[in-house]
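Just the heavy atoms: all of them, side chains too, but no hydrogens, waters or symmetry mates, feed the values below. Each chain gets a letter, A, B and so on, in the order its sequence line appears, and its residues count up from 1.
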Amino acid sequence: MSFHNSDEGEILRLFESEPQKAMSVIFEKHYDRLCLVAIRVVKDGTAAEDIVQEVFCELWKKRNELNITSSLFGYLKRSVFNKSLNYIKKKNIFSEEEPEEYQTISNEALSDEVLAATELEKAMNLAIDNLPEKARIPFCLNRYEEMTYPEIAEKLGVSVKTVEYQMSKALQILRKAAEPFLSLALLLSNFFYNFF
Amino acid sequence: MDTAFYIELLKKKAAGQQLSAENSALLSEWLASDPENEKIAGGINAIWKGSQNYKEDFQTDKTKA
């Protein structure tokens, strides 16, 4: 049996007959993607892997009482996502005093990086990594989890106004980082809107 | 409609989501109404396109798990 091609139903059935093998299949299939979900929220790679491993441990402990009605990946992703949010909540990022002004990456520093990278994607990755956590987290929840501002506010336990403010800051900083590429983006944007 | 509304539409579009015919028309009208709006659209497009693979190069260490 090729486990990589197994569908979720097969994997869940395997859970009943050969739980260790099933865990191994699930791990191989979903571990990396789940780490990506976690790292986009918590940023720290070690913490992200710890969270995912914790979810796998819980999955193993609960294997006899599992009642997954939708998608297994969806179930694991929700668990990883909620644990990632709990992790950042514990850090009390949003109760820290607001800096008077956000520090943006200097154009010189960015140019150095961009000279090496010369790609919008690399510039964006660097800029996102350098966002203050208060702005990076709402940005990532909005960008990758497609959460609305009220949803983000509820999950983070902050006001919608705070989310709006932090998102606006994040977009300002990222736009600045994207400036060297804006003519290209504008061209793409025009193409995009004219043809689709 | 305020700018935030159009920014949300721009994000959806940049993420590849379909806009309703009504929203699509509103967005086109807004883009055509001011060259500054085109710049905002270019910025959002660059941010969304440029950030699509954020952290995807993260190398996990399965041996530790």
Side-chain angles (χ1 to χ4, degrees), chain A residues 27-28 31-41 43 45-46 48-50 52-53 56-57 119-125 127-129 136 139-140 142-144 146 148-149 164 167-168 170-190 192-194 196, chain B:
Chain A
F27 183 85
E28 278 302 320
Y31 184 77
D32 287 351
R33 277 205 296 164
L34 291 169
C35 284
L36 182 61
V37 170
I39 198 172
R40 279 176 166 168
V41 180
K43 195 165 128 181
T46 308
E49 289 205 64
D50 286 348
V52 174
Q53 286 161 25
F56 274 101
C57 285
E119 286 170 31
L120 170 66
E121 194 172 298
K122 286 182 182 170
M124 277 299 102
N125 289 348
I128 297 168
D129 267 342
R136 193 190 64 80
F139 173 79
C140 286
N142 180 245
R143 172 70 181 87
Y144 304 108
E146 294 174 10
T148 63
Y149 294 179
E164 284 171 356
M167 272 301 290
S168 144
L171 293 177
Q172 261 179 41
I173 294 169
L174 296 178
R175 191 180 188 282
K176 194 170 168 58
E179 255 168 25
F181 308 94
L182 281 185
S183 53
L184 172 68
L186 196 59
L187 272 176
L188 288 173
S189 164
N190 283 336
F192 191 65
Y193 292 113
N194 288 336
F196 297 98
Chain B
M1 303 285 181
D2 62 5
T3 308
F5 169 78
Y6 295 103
I7 288 178
E8 287 312 305
L9 295 185
L10 289 167
K11 286 181 197 169
K12 284 182 183 170
K13 192 132 190 170
Q17 291 178 31
Q18 281 279 353
L19 298 185
S20 67
E22 188 191 353
N23 282 342
S24 205
L26 282 171
L27 184 60
S28 298
E29 197 179 311
W30 179 78
L31 284 169
S33 69
D34 187 340
E36 203 51 40
N37 295 344
E38 284 276 7
K39 285 186 188 167
I40 295 173
I44 293 292
N45 205 37
I47 293 166
W48 246 243
K49 301 283 181 207
S51 62
Q52 62 190 348
N53 295 320
Y54 174 60
K55 293 288 185 199
E56 286 205 351
D57 57 351
F58 172 60
Q59 296 292 314
T60 58
D61 184 358
K62 286 181 181 167
T63 57
K64 276 191 186 170

Open item on the list: Please classify the contact of B:K11 with chain A as side chain, backbone, both or neither, using a heavy-atom distance under 4.5 Å.
Closed with: side chain

- [ ] Name the region of A:C57, side chain, backbone, both or neither, that has any atom closer than 4.5 Å to a heavy atom of chain B.
- [x] neither

- [ ] Examine whether an atom of B:K62 lies under 4.5 Å from a heavy atom of chain A, and if so say whether it belongs to the side chain, the backbone or both; otherwise answer neither.
- [x] both

Task: Partner residues of B:E29 under the salt bridge (charged side-chain N to carboxylate O under 4.0 Å, His left out) criterion, sequence neighbours left out - done: none

Open item on the list: Heavy-atom pairs under 4.5 Å with chain B: which of A:M124, A:E146, A:M167 has the most?
Closed with: A:M124

Task: Engaged part of B:I40 at the chain A interface, taking heavy atoms whose separation is under 4.5 Å - done: backbone

TODO: Specify the closest pair of heavy atoms between A:E49 and B:Q59, including all atoms of both residues, with the distance to one decimal.
DONE: OE2-O, 4.2 Å

Open item on the list: Determine whether a donor-acceptor pair (N or O, by modelled atom type, separation under 3.5 Å) exists between the side chain of A:R175 and the backbone of A:A170.
Closed with: no

TODO: Could you walk me through whether B:S24 and B:K13 pass side chain to side chain contact (heavy atoms under 4.5 Å, CB included), step by step?
DONE: CA-CA 9 Å; B:S24 205; B:K13 192 132 190 170; 4.0 Å; yes

Task: B:D61, part contacting chain A, at a heavy-atom distance under 4.5 Å - done: both

Task: Residue B:Y54 versus chain A: region with a heavy atom under 4.5 Å - done: both

Task: Partners passing side chain to side chain donor-acceptor pair (under 3.5 Å) against A:N125 (at least two apart in sequence or in another chain) - done: none

Open item on the list: Quick check on A:E164 against chain B: is it the side chain, the backbone, both or neither that has a heavy atom closer than 4.5 Å?
Closed with: neither

TODO: Answer with side chain, backbone, both or neither: which region of B:Q17 has an atom nearer than 4.5 Å to a non-hydrogen atom of chain A?
DONE: side chain

Open item on the list: When you measure from the side chain of B:S33 to the backbone of B:W30, do you find a donor-acceptor pair of N or O atoms at a distance under 3.5 Å?
Closed with: yes

Open item on the list: Can you tell me which portion of A:L36 sits under 4.5 Å from chain B's heavy atoms? Options are side chain, backbone, both or neither.
Closed with: side chain

Open item on the list: Please evaluate residues A:F139 and B:I47 with respect to the criterion side chain to side chain contact (heavy atoms under 4.5 Å, CB included), reporting the C-alpha separation (whole Å), side-chain torsions for both, the decisive distance (0.1 Å), and the verdict.
Closed with: CA-CA 11 Å; A:F139 173 79; B:I47 293 166; 3.9 Å; yes

TODO: Check whether A:D129 gets within reach of chain B through its side chain, its backbone, both or neither, counting any heavy atom under 4.5 Å.
DONE: both

- [ ] Look at the aromatic rings of A:F56 and A:Y31 and report parallel, tilted or perpendicular, splitting at 30° and 60°.
- [x] tilted

